[in-house]
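Chain naming here is simple, since letters A, B, ... match the order of the sequence lines and numbering starts at 1 in each.
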Amino acid sequence: MADKPVYEEASIDGQPSKLASIPASDTTVWADASPLLQAACAGLRDGELIHGDNFNLFAAMSALEIMDPKMDSGIVCTYYSIDEAIENGAAPIPISLDSTIDVCRTIDIMDHLLACEAAWHKGHSLAQTVFSCIYLLRLDRTAPHALLHSYCRIIRATCKAVVSVVSDARTHEEEDLFTLTYGLPLNGDGDDKCLSILNAVEETISRQLRACKATSSKRRLPEDLEPLQSNPNLEEGFCKALLCRLRFRKHFFHVLSCMKRPQGRGLESARKHIASCLTELESILKSADFLRSCFDESCEGDIDDKTTASGFEPIGFDAMLNSRLSAPTPPRAIKILSWKKAVEYFVKLLHDLDVICSYSLDPHLESLLRFVVQFQKSQPDLVARSHLQLLLVQDGKLYGRDPFFAVINKAAALPEATKNHDIQKNESFLQLGMLVMNLLKILCTNAAWQRRKLGKFLQDWRVIYVQLELAFRNEYGEVSSSSNDENTCMKIFQHILLWVEEQTFWIAFRFLILGFELELYSTGEYCMVYWYLYAVLIKLAEKTHLMMAVSHDTAKRKGKKKKDSPKDLARESRIPPAVLFLQCYICLAEGLTMYLSRCLLL
Amino acid sequence: MEAKPEEKAEFEEAEIEYVSYGGEHHLPLIMNLVDQELSEPYSIFTYRYFVYLWPQLSFLAFHKGKCVGTVVCKMGEHRNTFRGYIAMLVVIKPYRGRGIATELVTRSIRMMMESGCEEVTLEAEVTNKGALALYGRLGFIRAKRLFHYYLNGVDAFRLKLLFPPPRQVL
């Protein structure tokens with residue numbers, strides 16, 4: 001309960017009290033500091049500054065000028081609190097006593113929430129986007145309005161699920177605004193039942209849709225159903241508009257739930273729900289024509305900028321109410337995505353998620369790396385990338401299924417039998433496993449962050465190589481081994497050392513290539529970059545070729561010791577396609593280096 | 001409604017007077033220029049932080065007594081390198097394209113070099129072609145890209161100018 005201001009008493013004296021405008025609460029009492037500040041003003045001369053030792057740039061930039069609306073997020077803009085906003089009718093329930101308008105406005109709220117959700121995914125704070133909805137901030141009071149209530153519940157549950165995925169992926173060093181929920185009411189009692197609540201509402205509206213279709217064809221109905229709203233001509237359009245919106249939310253929630261299942265068990269189901277989502281989004285887009293035409297008045301301004309399909313401003317949103325919760329960012333108004341752009345965003349997100357769900361969980365690291373690199377070319381956003389990362393690395397295993405030593409074992413073309421070798425308990429091999437895990441995580445981050453991390457990462461790969469080499473030399477340096485196990489260990493070391501080198505050069509290659517995507521190189525630097533690429537590619541090709549030769553040896557040894565057929569010999573002398581491909585790159589890089597160096601000379 | 005064409009000021013480059021930050025009387029001029037240009041507000045503490053601690057690194061450009069441009073910088077130890085940092089650079093619209101910004105930046109960089117800096121950095125929006133061209137001409141490279149650096153979601157480049165190591169005097 002908000003305390004009533006004290007001014008009624010003070011004004012009896014005829015002198016309005018300065019304290020009166022800020023009500024005291026249980027935990028705060030306000031004192032007037034104006035005389036103190038007045039006195040302080042006279043204490044400094046022009047140009048003087050008092051500062052503490054810790055007066056650094058961060059402190060200076062975080063400092064606020066109180067009452068400056070650009071900086072002071074405590075400034076009251078419209079309402080002092082959510083309760084005050086509600087008391088003043090900012091979020092009425094029902095939205096309108098006219099059921100047609102009520103339905104229309106409900107749809108506007110749904111659309112605006114979608115736009116807010118897209119804006120949040122794109123990098124704005126939850127407080128200023130989805131939770132700028134007063135209905136969402138006080139969900140319980142929406143209970144009498146089944147439609148709004150069920151929609152808000154599922155939105156809340158969805159946001160919570162998405163925050164959880166992104167938090168678990170822990171990429172939010174790069175995009176840290178996303179997971180800050182600062183005391184927003186994300187955890188709702190009974191949100192686990194949000195789907196059944198939604199289903200009930202969906203069922204009701206489906207019946208209403210069937211009823212109004214039956215009425216139009218003059219068939220009789222078994223029950224006496226109350227229509228959705230009062231205008232029978234609009235009933236069908238509204239039912240359809242609502243159904244696709246509700247169904248989209250249902251299927252989207254299912255996508256998130258399915259993708260969360262461990263070891264990729266839910267991916268196939270997720271794909272079905274993704275397909276449904278896309279269908280419903282198409283219906284949502286199509287509903288715009290109907291929604292824009294149901295009232296005679298048309299909305300002002302460019303329809304493409306609007307955050308609702310109808311073009312009308314939604315009721316019940318106030319981004320400034322949470323401004324204190326969106327600190328430390330300054331209280332600036334953010335631009336919510338237009339409704340059209342929001343739908344486009346979700347279509348792209350769903351396509352990106354579909355690519356992830358279609359992935360075959362290939363145990364070959366090489367294929368996986370190619371897949372991730374290819375996936376990143378479509379510039380997926382944070383939510384999609386987090387889902388990919390969580391699919392790839394779970395419980396310290398690849399896909400939650402394959403221990404990393406086994407993965408490395410396979411990548412290094414070692415026989416299947418060695419994947420359980422005790423040597424994996426060796427400190428260096430444990431660290432190598434961590435490096436591979438971190439590599440996968442890094443490859444799922446945004447390109448800018450990824451390149452910086454890869455650059456630093458090269459150091460770690462070099463160090464592990466030296467460590468492994470040292471360990472190898474210590475164990476087998478002087479020994480011309482004879483025992484079987486020693487032979488195996490030696491082989492493991494040799495293969496893995498070679499593989500580590502190959503990986504290191506691959507990372508270096510990615511680092512250089514990303515610079516092009518990120519537009520980091522000026523034209524004057526291209527020559528130098530291509531020259532570096534040329535050098536790195538030569539080494540990469542060399543290691544790859546060696547790796548393949550060694551892998552061929554392993555394969556041969558696996559088979560019976562037959563005489564080499566002419567076909568086998570021919571195959572051996574052919575350069576593997578992967579290496580040929582790298583050689584093409586080498587030629588390109590060399591050619592470009594030469595060409596550009598001539599250009600520089602001219 | 002037709003947009004009025006950008007009014008360019010008429011002046012000779014020699015008429016521009018470059019002045020090192022001289023004190024409190026310069027501060028409101030700097031603040032006015034920068035406030036006009038930037039959507040992100042700086043508190044007065046931010047300005048004071050720069051001009052009080054490194055007055056020798058801030059410069060103003062005047063034309064016939066009117067302040068038309070300014071650069072505000074700092075320098076300090078950062079992870080074992082002594083580095084300069086360009087915080088703000090503004091030239092008012094009618095005076096752009098005539099080398100004033102380049103001159104302001106050059107003066108500041110020269111001062112940083114004399115003070116023993118090993119490098120100079122700043123951030124610029126990836127879409128700010130003017131700034132990128134200006135610094136590119138001065139020899140800055142794009143050291144990093146910073147994802148969604150600005151609140152409006154735009155990426156930034158970290159630009160860096162590396163000074164050649166001091167010549168060994170034999």
Side-chain angles (χ1 to χ4, degrees), chain A residues 44-51 55-66 68-72 119 122-125 128 171 173-178 326 329-335 337 381-382 445-452 455 514-515 517-525 528, chain B residues 21-28 31 35 38-55 72-78 85 87-88 124 126-127 129 132-133 135-160:
Chain A
L44 282 177
R45 280 174 311 163
D46 213 39
E48 283 192 311
L49 172 76
I50 299 174
H51 68 89
F55 182 52
N56 58 16
L57 183 57
F58 182 74
M61 291 197 72
S62 315
L64 306 173
E65 286 179 55
I66 297 180
D68 182 332
K70 276 197 196 170
M71 285 186 250
D72 187 348
K122 280 274 182 194
H124 292 295
S125 74
Q128 280 183 290
T171 58
E173 265 189 65
E174 38 149 336
E175 289 135 320
D176 45 19
L177 220 48
F178 190 90
S326 7
T329 57
R332 86 191 22 247
I334 55 161
K335 193 152 193 279
L337 252 61
D381 288 304
L382 176 60
T445 60
N446 70 70
W449 177 260
Q450 193 184 132
R451 187 180 186 268
R452 290 194 334 259
L514 276 171
E517 273 178 48
L518 298 169
E519 298 173 289
L520 289 176
Y521 309 132
S522 67
T523 43
E525 292 172 295
M528 173 187 73
Chain B
Y21 178 80
E24 190 71 12
H25 59 285
H26 278 158
L27 190 52
M31 287 175 59
D35 268 348
L38 297 182
S39 52
E40 305 197 9
Y42 286 139
S43 75
I44 189 160
F45 300 104
T46 306
Y47 292 104
R48 288 193 192 284
Y49 169 82
F50 288 106
V51 303
Y52 281 113
L53 296 174
W54 300 277
V72 175
C73 309
K74 67 176 278 214
M75 64 186 170
E77 195 76 30
H78 180 91
Y85 178 74
M88 309 172 209
V126 302
T127 47
K129 295 204 187 300
L132 295 174
Y135 291 107
R137 278 192 299 268
L138 289 173
F140 281 76
I141 60 166
R142 298 172 188 183
K144 290 180 195 175
R145 185 159 176 146
L146 305 162
F147 186 69
H148 287 186
Y149 186 72
Y150 295 101
L151 281 169
N152 57 5
V154 176
D155 292 357
F157 287 124
R158 169 82 35 82
L159 300 176
K160 196 180 270 212

Side chain to side chain contact (heavy atoms under 4.5 Å, CB included) with T127(B): which residues, sequence neighbours excluded?
-> E125(B), V154(B)
Per-residue contact mode, E519(A) against chain B (heavy atom under 4.5 angstrom) = both
W449(A) side chain vs F147(B) backbone, donor-acceptor pair below 3.5 Å = no
Does E517(A) reach the main-chain N or O of L514(A) with its side chain, forming a donor-acceptor pair under 3.5 Å?
-> no
Applying a strict 4.5 Å limit to non-hydrogen atoms, the region of A143(B) in contact with chain A is backbone
Under 4.5 Å from a heavy atom of chain A, the part of Y49(B) involved = both
So the salt bridge (charged side-chain N to carboxylate O under 4.0 Å, His left out) pairs with at least one residue in residues 150-159 of chain B (sequence neighbours excluded) are E123(B)-R158(B), R145(B)-D155(B)
Close side-chain approach of F140(B) to L132(B), heavy-atom, < 4.5 Å | no
So which part of F50(B) gets closer than 4.5 Å to some heavy atom of chain A, the side chain, the backbone, both or neither?
-> side chain
Could you tell me which portion of L53(B) (side chain, backbone, both or neither) has an atom closer than 4.5 angstrom to a non-hydrogen atom of chain A?
-> side chain
